[in-house]
Amino acid sequence: MPELPEVETIRRGLLPVMEGQVISTLTLRRAGLRWPFPEGMAEQVSGAKVLLLRRRAKYILADLDRGTTLLFHMGMSGRILIDGAAPDDRQHTRTTPQKHDHAIFDMDNGARITFNDARRFGMLDLFATESAAQQSLLSTLGPEPLGNDLHADWLIERFANRRSPIKTALLDQRIIAGLGNIYVSEALWRAKIHPETAIGVLRPDQIETLVRDIRAVLAEAIAAGGSSLRDYRQTDGELGYFQHAFAVYDRATSPCPRHGCTGQIVRLVQAGRSSYFCPTCQPRG
DNA sequence: ATGGGGGCCTGCCGGC
DNA sequence: TGCCGGCAGGCCCCCA
């Protein structure tokens, strides 16, 4: 799926057509994605004004003027595309729905926002804004890695005496919210930490370095508009381009790009997911 | 308690 | 050309 940088890029793309704007009609083209949509969601959203468009982890949250919040999650293959926003936009690629277009937001400002998701691991939900913090999808999330919520001291404490491999710990949204398979591999490479290292043996200085590298790789990816491998697109249909900056992800057998390192990138499967790393400059902890 | 595996879906790519 | 296995930016659930 889109990880944090891709979701943030999508949010920024939606801002000008959604925030402060009225949804004239929400059209649902199936009964649900991962789960059934809430009863009456289309009616409750149609006519509502979006007060604020925010992001939490990999979720986009639209607070509506009816005391409700609309939640988007892109799953693995979800896309959001905007048509007809600008007066000179003659593309209108979505004048007729395409395959896997599941939800269509027609805005008062003329924009059409389409949620497309081939694999249907994505989510659309609606709940009372005041209950958002208790919402089951959001309540267990850990700190945001960007901003001021993530502290190395907290991670050092959280990791003490635990044996879980750092790769799987960083994918755990309860520990840090928003990382996914790409940026975990990239951050571990930057921090020179082997993905199988038990979190309990990491030194405090390694964890401090890791926090800095997580922040840096996410910020750089956002600046590049995210990474496009298969499904991900920005809301204008454009590709992100951070994939060109990957050091290790999907680069098995390539030479390690670290200056002075002569190692070769290796693919490893952990908990059913691919990890990529350089055995030479990411020694076992 | 927590770490790993299976399942959810569709699409694409490579090998035979 | 077609079929089949493997793989994919995620997350929930169940089991040891």
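Sequence lines set the chain letters: A, B, ... in the order given, protein chains first and strands last, and positions in each chain run from 1.
Pairing for dT1(C) is absent, with no Watson-Crick or G-U wobble pair whose two atom distances lie under 3.5 Å.
One side chain, Tyr183(A) or Glu6(A), offers a donor N or O that lies under 3.5 Å from an acceptor on the other.
For the pair Glu3(A) CD and dA8(C) P, the interatomic distance rounds to 13 Å; values are reported in whole Å. As rounded to whole Å, 15 Å separates atom P of dG10(C) from atom CD1 of Ile176(A). Rounded to whole Å, atom P of dG10(C) lies 17 Å from atom CZ of Arg56(A). Rounded to whole Å, the distance from CZ on Arg79(A) to P on dG10(C) is 16 Å. The distance between atom CZ of Arg273(A) and atom P of dC12(C), rounded to the nearest whole Å, is 13 Å. Atoms CZ (Arg34(A)) and P (dG10(C)) sit 12 Å apart, rounded to a whole Å. Taking atom CG of residue Asn181(A) and atom C1' of nucleotide dC7(C), one finds them 12 Å apart after rounding to whole Å. Between Arg267(A) atom CZ and dG6(C) atom P the separation is 12 Å, expressed in whole Å.
A side-chain hydrogen bond (donor to acceptor under 3.5 Å, both in side chains) with Arg112(A) holds for exactly one of Asp106(A), Thr25(A), Asp83(A); it is Asp106(A).
Leu137(A) comes within 4.0 angstrom of sugar-phosphate atoms only, judged by non-hydrogen atoms across all strands, and of no base. Residue Lys99(A) is classed as a sugar-phosphate contact, given heavy-atom separations below 4.0 Å to backbone atoms only.
Where DNA chain B meets chain A (any atom under 4.0 Å from a heavy atom), the bounding nucleotides read 5' to 3' are dG3(B) to dG11(B).
One distance of note links CG of Leu268(A) with OG of Ser274(A); it measures 8.5 Å at 0.5 Å rounding. Between the CG atom in Leu61(A) and the CG atom in Leu52(A) there is a gap of 9.0 Å [rounded to 0.5 Å].
Along DNA chain C, the nucleotide nearest Trp35(A) and the nucleotide nearest Tyr232(A) are compared for position; the residue whose nucleotide lies closer to the 5' end is Tyr232(A). Taking for each of Ala271(A) and Arg120(A) the nucleotide of DNA chain B with the nearest heavy atom, the 5'-most of the two is the partner of Ala271(A). Comparing Arg174(A) and Gly272(A) by the nucleotide of DNA chain B that holds the closest heavy atom to each, the one mapping nearer the 5' end is Arg174(A). Both Arg119(A) and Gln173(A) sit near DNA chain C, but only Arg119(A) has its closest nucleotide nearer the 5' end.
Residue His73(A) has a polar side-chain atom (N or O) positioned under 4.0 Å from OP1 or OP2 of dC11(C).
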Please walk me through it: do Ile199(A) and Leu155(A) pass side chain to side chain contact (heavy atoms under 4.5 Å, CB included)?
-> CA-CA 10 Å; Ile199(A) 55 179; Leu155(A) 271 189; over 6 Å; no
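Connection of Ile166(A) to Trp154(A) is established within a shared hydrophobic cluster, with ILVMFWY side chains joined at heavy-atom distances below 4.5 Å, either directly or through further cluster members.
Aromatic pair Phe72(A)/Phe105(A): ring centres closer than 6.0 Å.
With dC11(C), dG10(C), dA8(C) as the candidates, the nucleotide lying closest to the side chain of Met123(A) is dC11(C).
For the P atoms, the distance linking dC11(C) with dA1(B) amounts to 23 Å, nearest Å. Remark: the separation of the P atoms in dC3(C) and dC9(B) is 24 Å, to the nearest Å.
Listed by chain and residue number, Phe246(A), Tyr276(A) satisfy the ring pair (Phe, Tyr, Trp, His ring centres under 6.0 Å) test with Tyr249(A) (two or more places apart in sequence, or in another chain).
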